[in-house]
Number of protein chains: 2
Amino acid sequence: MATIKDVAKRAGVSIGTVSHVINNTAAVRNETKDRVLKAIKEFDYQPNSVARSLRSRRTGTISLVLPAIERSMDEPSYLSDLLASIVDESKRYNFDILLSASSSEEEEMTPYKRVVKGKMVDGCIITCTKRNDKRIAYLLSENIPFVAFGRSNVGLDFPYVDVDGEAGVYQGMHYLLDLGHTRIGFIGLPSELFCSEHRLKGYRFALKERGLKFDPALVIEGKTTQTGGYRSMKKLLNVDPPPTAVMISSDLMAFGAMKAAQEEGLIIGRDISIVGFDDVQMANNCHPPLTTIRQPIYKIGVLLCQMLVQLIRGEKLSERQIILLPELIVRESCGPIR
Amino acid sequence: MATIKDVAKRAGVSIGTVSHVINNTAAVRNETKDRVLKAIKEFDYQPNSVARSLRSRRTGTISLVLPAIERSMDEPSYLSDLLASIVDESKRYNFDILLSASSSEEEEMTPYKRVVKGKMVDGCIITCTKRNDKRIAYLLSENIPFVAFGRSNVGLDFPYVDVDGEAGVYQGMHYLLDLGHTRIGFIGLPSELFCSEHRLKGYRFALKERGLKFDPALVIEGKTTQTGGYRSMKKLLNVDPPPTAVMISSDLMAFGAMKAAQEEGLIIGRDISIVGFDDVQMANNCHPPLTTIRQPIYKIGVLLCQMLVQLIRGEKLSERQIILLPELIVRESCGPIR
DNA sequence: CTGTTAGCGCGTTCAC
DNA sequence: GTGAACGCGCTAACAG
């Protein structure tokens with residue numbers, strides 16, 4: 001494998017000069033430049049990025065650690081969509097993405113220490129923020145550029161992009177209430193996820209506003225999987241009397257819930273109304289198409305990237321905390337009370 | 001940031017000794033070892049992976065370049081599922097995944113050169129193999145460990161895992177023919193994808209076997225997106241007479257096709273039968289659930305990882321080329337001819 | 001404009 | 001058992 005030395009020798013110049021023409025870091029006479037370029041071409045020379053990173057302290061790589069709680073990416077959750085947009089956007093800044101998996105909840109910090117402190121990446125994006133999220137404190141203390149998708153309860157100032165989950169759920173509830181539903185179930189996220197409480201708050205607030213009383217039997221906390229949604233829905237349908245509508249905290253769970261309802265012979269949008277949260281791609285492609293609260297996930301990925309890149313470049317963020325408003329997308333999974 | 005030097009100084013030993021205790025590469029007296037370990041803990045020292053990679057010529061990272069043809073990962077194609085399994089499996093070998101995006105068809109090779117020749121990764125997985133795939137020749141010539149998901153027509157011996165697309169489509173066709181369909185459409189993949197021809201072959205073969213003649217009007221080549229499937233289906237439904245069943249080369253396209261058919265007022269499984277290919281997660285969750293040809297994608301990801309890791313370790317592959325048999329999964333998107 | 005040189009942080013001989 | 005010294009390939013000062 002050719003190194004910069006070989007190129008220098010072939011071109012009859014010093015390695016410094018070669019470096020300069022590669023990085024355009026100093027003016028080089030055209031003639032010499034051409035010789036260098038020619039040598040580079042001849043060897044099909046490619047600079048060793050590892051050596052380059054060691055020297056320059058930059059890797060051109062962003063870390064994304066997949067949370068253990070997500071059971072990796074087996075299911076079409078928002079995470080796939082987010083990753084898609086991050087991949088797209090990071091490309092624009094010539095960053096690659098280093099995907100690591102945390103094996104378990106306890107070892108949650110291991111990949112961060114290895115990847116981040118080991119200097120394999122210039123910064124990282126964290127998702128799925130939790131209450132008392134250890135990662136945030138760690139990254140702040142180590143002074144590593146990072147951006148979070150989601151707020152947290154740690155009393156720390158850190159850059160994030162989040163969606164107003166309370167407002168989102170409130171919109172969905174408003175819609176269901178306007179359809180005449182009064183007995184509305186709620187399938188929530190695991191309480192360790194910080195966003196779970198916002199969504200629940202939106203549910204309670206909408207209820208309260210209409211003078212409806214909060215019935216704990218109608219509120220279930222499920223795992224963030226299709227199976228989690230499926231099971232939660234089954235439970236909800238066994239409540240007496242069962243809800244006529246259900247607000248669900250993620251589309252993924254909503255898909256499972258739809259399946260559960262259909263198994264019970266219910267026609268979704270007629271016998272039972274369902275509102276999801278996320279608006280993942282598939283929400284528009286299932287049958288019936290799912291009415292849901294759209295997180296502008298593509299935009300979120302774009303913002304996360306842009307902010308992180310700014311941070312990496314040492315620029316100051318114009319907006320350090322961004323909260324986006326979600327939007328109700330009406331499709332066909334809801335109907336009026338009968 | 002603490003380096004190995006700091007640790008050595010603190011422990012009152014040389015950096016060589018520290019290196020030995022970290023890598024367990026020589027016997028160190030227990031007492032000294034403890035001192036080193038203590039110093040490591042005190043500094044929360046983490047070896048610099050970049051320096052380590054430069055020296056050892058290993059990065060512990062696998063490359064996956066997202067093909068430009070897939071329009072990244074915006075849609076729930078097999079790629080998401082494959083990535084999920086690769087992430088899971090690579091974790092078992094302590095490999096991270098470097099995700100890069102190729103910006104355009106012409107610059108297809110750029111990310112490979114940069115990432116692979118730049119020594120950022122120990123090996124790579126390529127997907128979406130094409131006819132005359134340049135990447136294969138390149139990686140072979142550079143002697144880089146790699147494994148492909150998919151065969152190619154290049155007359156080269158390279159390690160791959162693939163699915164027998166011909167047999168898969170044949171199974172689907174067999175099923176449709178047994179339901180009494182004789183006018184069966186086919187939505188194929190872009191012909192640049194090498195697997196497109198196998199699938200078409202399965203279609204033609206099944207037809208021929210039953211003495212049915214091949215009607216070019218019923219065969220459409222679409223982009224591998226939902227929109228591609230949607231458009232292809234619309235075209236197919238405009239053929240006179242339209243097909244009563246359609247064999248589609250990917251689930252993603254099938255989802256789009258289902259939408260197209262439903263828009264025309266057709267009941268899928270009654271008015272028109274649809275068979276997909278892949279069995280992505282959503283195939284079981286759409287309505288009606290999609291009858292499809294299952295690629296054992298999780299297993300494929302696992303095999304790809306295992307083979308690549310073996311290659312990286314310099315071991316010989318027991319099986320250098322693996323072709324898996326797909327399986328017909330009968331759900332509800334097909335019905336008998338009426 | 002071009003060459004020389006000093007590290008970046010670590011692993012690895014090879015002495016001791 | 002332990003330490004000194006070299007070099008992985010490159011960038012960035014600085015000198016000329």
Side-chain angles (χ1 to χ4, degrees), chain A residues 1-40 43-61 113-122 142, chain B residues 1-40 43-61 113-122 142:
Chain A
M1 183 73 64
T3 74
I4 198 172
K5 256 186 209 160
D6 301 317
V7 173
K9 192 172 293 176
R10 172 76 66 101
V13 297
S14 77
I15 60 170
T17 306
V18 176
S19 179
H20 280 140
V21 350
I22 290 173
N23 302 302
N24 202 20
T25 177
V28 175
R29 205 198 318 158
N30 270 336
E31 188 203 337
T32 11
K33 190 179 202 167
D34 288 345
R35 283 214 316 279
V36 172
L37 256 21
K38 185 161 160 255
I40 287 177
F43 282 121
D44 194 20
Y45 166 73
Q46 192 74 25
N48 181 319
S49 334
V50 177
R52 193 177 253 195
S53 296
L54 179 60
R55 188 61 238 253
S56 67
R57 309 176 148 289
R58 286 179 299 101
T59 61
T61 303
K113 292 200 174 172
R114 185 172 50 78
V115 162
V116 154
K117 207 160 182 182
K119 295 293 172 203
M120 298 174 72
V121 299
D122 296 337
E142 293 289 336
Chain B
M1 182 72 64
T3 74
I4 199 172
K5 252 186 213 161
D6 301 316
V7 173
K9 192 172 293 177
R10 171 76 66 101
V13 297
S14 76
I15 61 169
T17 306
V18 176
S19 178
H20 280 139
V21 349
I22 290 173
N23 302 304
N24 203 18
T25 176
V28 176
R29 205 193 321 154
N30 270 336
E31 189 203 337
T32 10
K33 193 179 199 166
D34 288 346
R35 284 215 315 281
V36 172
L37 256 20
K38 186 162 160 257
I40 287 178
F43 283 120
D44 193 20
Y45 167 73
Q46 192 74 26
N48 181 317
S49 335
V50 176
R52 193 177 254 197
S53 296
L54 179 59
R55 190 66 177 82
S56 67
R57 308 175 152 293
R58 287 180 299 100
T59 61
T61 303
K113 292 199 175 172
R114 185 171 50 77
V115 162
V116 153
K117 207 161 183 181
K119 295 294 172 205
M120 298 176 71
V121 299
D122 297 336
E142 293 288 336

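The figures here come from the full heavy-atom set of this structure, side chains too, leaving out hydrogens, waters and symmetry mates. Below, chain A is the first sequence line, B the second, and so on; all start at residue 1. Because the structure is predicted, anything quoted here is derived from the model rather than measured.
- Regarding contacts with the backbone of C:dG3, a side-chain N or O of A:Thr17 is found under 4.0 angstrom from either OP1 or OP2.
- Among the heavy atoms of the strands, none lies under 4.0 Å from B:Val50.
- Side-chain atoms of B:Arg35 and B:Thr17, non-hydrogen and from C-beta on, never get closer than 4.5 Å to each other.
- Atom CZ in A:Arg55 sits roughly 8 Å away from atom C1' in C:dA6 (whole-Å rounding).
- Put simply, B:Arg57 has a side-chain N or O that comes within less than 4.0 Å of OP1 or OP2 on D:dG9.
- Remark: C1' of C:dG7 and NZ of B:Lys5 are 8 Å apart, rounded to the nearest angstrom.
- In this structure, A:Asn23 atom CG and D:dA12 atom P are separated by 7 Å, rounded to whole Å.
- The side-chain heavy atoms of A:Glu142 and B:Met1, taken from C-beta on, include a pair separated by under 4.5 Å.
- Of the inter-residue distances, the one linking B:Asn24 atom CG with B:Lys33 atom NZ reads 5.5 Å to the nearest 0.5 angstrom.
- If you check every strand for non-hydrogen atoms under 4.0 Å, A:Ser56 touches nothing.
- Within the nucleic acid shown, A:Ser53 has no heavy atom closer than 4.0 Å to any nucleic acid atom.
- Atom NE2 in A:His20 sits about 14 Å away from atom P in D:dA15, given to the nearest Å.
- Atom CD1 in B:Ile15 sits about 16 Å away from atom C1' in D:dG1, given to the nearest Å.
- Between B:Asp6 atom CG and C:dG9 atom C1' the separation is 11 Å, expressed in whole Å.
- OP1 or OP2 of D:dT2 lies within a sub-4.0 Å distance of a side-chain N or O belonging to B:Arg29.
- Across all non-hydrogen atoms, the minimal contact from A:Tyr45 to A:Ile22 is CE2-CD1, 3.5 Å.
- Residue-to-nucleotide proximity on DNA chain D shows that, of B:Thr32 and A:Ala51, the 5′-proximal contact is made by B:Thr32.
- With distances taken from any side-chain atom of A:Pro47 to the nucleotides D:dC10, C:dC8, C:dC10, the minimum falls on D:dC10.
- When the side-chain nitrogen and oxygen atoms of B:Arg52 are compared with OP1 and OP2 of C:dG11, one or more of them lie within a distance under 4.0 Å.
- For B:Val28, counting side-chain heavy atoms from C-beta on, the closest listed nucleotide (C:dT2, C:dC10, D:dT2) is D:dT2.
- Regarding A:Lys119, its NZ atom lies at a distance of 9 Å from the P atom of C:dG9, rounded to whole Å.
- Residue A:Thr3 places its side chain closer to D:dG9 than to any other of D:dA4, C:dG9, D:dG9.
- Distance check: A:Asp122 CG to A:Lys119 NZ gives 9.0 Å after rounding to the nearest 0.5 Å.
- OP1 or OP2 of C:dC8 has not a single side-chain nitrogen or oxygen of B:Asn48 nearer than 4.0 Å.
- The shortest side-chain heavy-atom distance between B:His20 and B:Val36 does not fall under the 4.5 Å cut-off.
- Here the C1' atom of nucleotide D:dC8 and the CD1 atom of A:Ile4 are 14 Å apart, to the nearest Å.
- Here B:Tyr45 does not reach the OP1 or OP2 of C:dG9: none of its side-chain N or O atoms lies under 4.0 Å away.
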